[in-house]
Amino acid sequence: MSNPFAPGGWAAYALRPLANRLLRNGGPYVVRVLTGPGAGVQLPIYPRTEKFYWTGLHERHVQRTITKCLKPGMIFWDIGAHIGFMSFIAARIVGPRGQVHAFEALPSNVARLKRAVQLNGFSNVTVHNLAVAASSGIRRFFPHGSSLMGSLTRENGGEAISVQSRTMDELSASLGSPGLVKIDVEGAEVEILEGGKNILATGVPLIIEISEQFERCRSLLPGYKLEHLAKIDWLCLR
């Protein structure tokens, strides 16, 4: 029998309005992640809209895949890192001999991400304030009412900002080839893959949220096996 208090369960859904009323408004406030591989990590969150980080329940299938695929000493890229939840789980696994590169385009997210790096003392995490895209240069980025939903490709109704962009291939030449890449970029998946043809030819494993243009994304991953993790997330392996 399924757990009614699990994410998506009827009890969790019914209790959500009460939980929201009890949580503090405003923020960000620093909290410690309660469960999962990120337990104990400190994050500056907005409790009413980002409690999934606090509970440790955010995208548990991605958390499990990161812990399964990464080993000490590896290099991990987090493209669309937001405030670093997945980056910090990876940082714990790869350890001091490994490296995590966290890529985030939205300046307000970058500020919280950098603060969290300092709070947790992760010397193996490097924050890159840029968008990863099909070409390098200056691009328009479209913020969203949710800090998780900004995009290079979706015009969200707000005023666009200018951000620096670089390709995966260019980044790999300067940062070294990663052992695992997580991509969560709200509709800009094709952009990422088109700028990474050389690195994709090496067969680097990907955890990617393919939210749009699935067939085009699939065509940019020749030789890859796609394993459906949950909803629109895929693990891509040679």
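Because the structure is predicted, anything quoted here is derived from the model rather than measured.
- Not a single ring-ring contact (aromatic ring centres under 6.0 Å, His included) links F76 to another residue, sequence neighbours left out.
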**Q.** Stepwise side-chain contact (heavy atoms from CB on, under 4.5 Å) test for L229 and T65
**A.** CA-CA 9 Å; L229 298 177; T65 305; 3.6 Å; yes
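- No side-chain donor-acceptor contact under 3.5 Å links E209 to the backbone of S211.
- At distances below 3.5 Å, at least one donor-acceptor pair connects side-chain atoms of S165 with backbone N or O atoms of G137.
- Between the Q118 side chain and the A116 main chain, no donor and acceptor come within less than 3.5 Å of each other.
- A donor-acceptor pair under 3.5 Å is formed between the side chain of E104 and the backbone N or O of H82.
- Sorted by first and then second residue, the pairs that involve residues 221-238 and meet side chain to side chain donor-acceptor pair (under 3.5 Å), not counting sequence neighbours, are H61-D233.
- A pairwise comparison of heavy atoms in L113 and G84 identifies CD1-CA, 3.5 Å as the closest pair.
- Screening residues 124-142 for side chain to side chain donor-acceptor pair (under 3.5 Å) gives Q99-T126, H101-H128, S136-E170, R139-E191 as the qualifying pairs, with residues at least two apart or on separate chains.
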Q: Go through the steps to decide whether R64 and T67 satisfy the test side chain to side chain donor-acceptor pair (under 3.5 Å), and finish with yes or no.
A: CA-CA 5 Å; R64 286 193 295 267; T67 58; over 6 Å; no
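- Screening I207, L206, V204 for a side-chain contact (heavy atoms from CB on, under 4.5 Å) with L180, the sole residue that qualifies is I207.
- A side-chain donor-acceptor contact under 3.5 Å links D169 to the backbone of I199.
- Residue pairs meeting the salt bridge (charged side-chain N to carboxylate O under 4.0 Å, His left out) criterion with at least one member in residues 73-82, sequence neighbours excluded: D78-K182.
- Residue pairs meeting the side chain to side chain donor-acceptor pair (under 3.5 Å) criterion with at least one partner in residues 32-45, sequence neighbours excluded, are absent.
- Pairs passing the salt bridge (charged side-chain N to carboxylate O under 4.0 Å, His left out) check and including a residue from residues 113-122, sequence neighbours excluded, do not occur.
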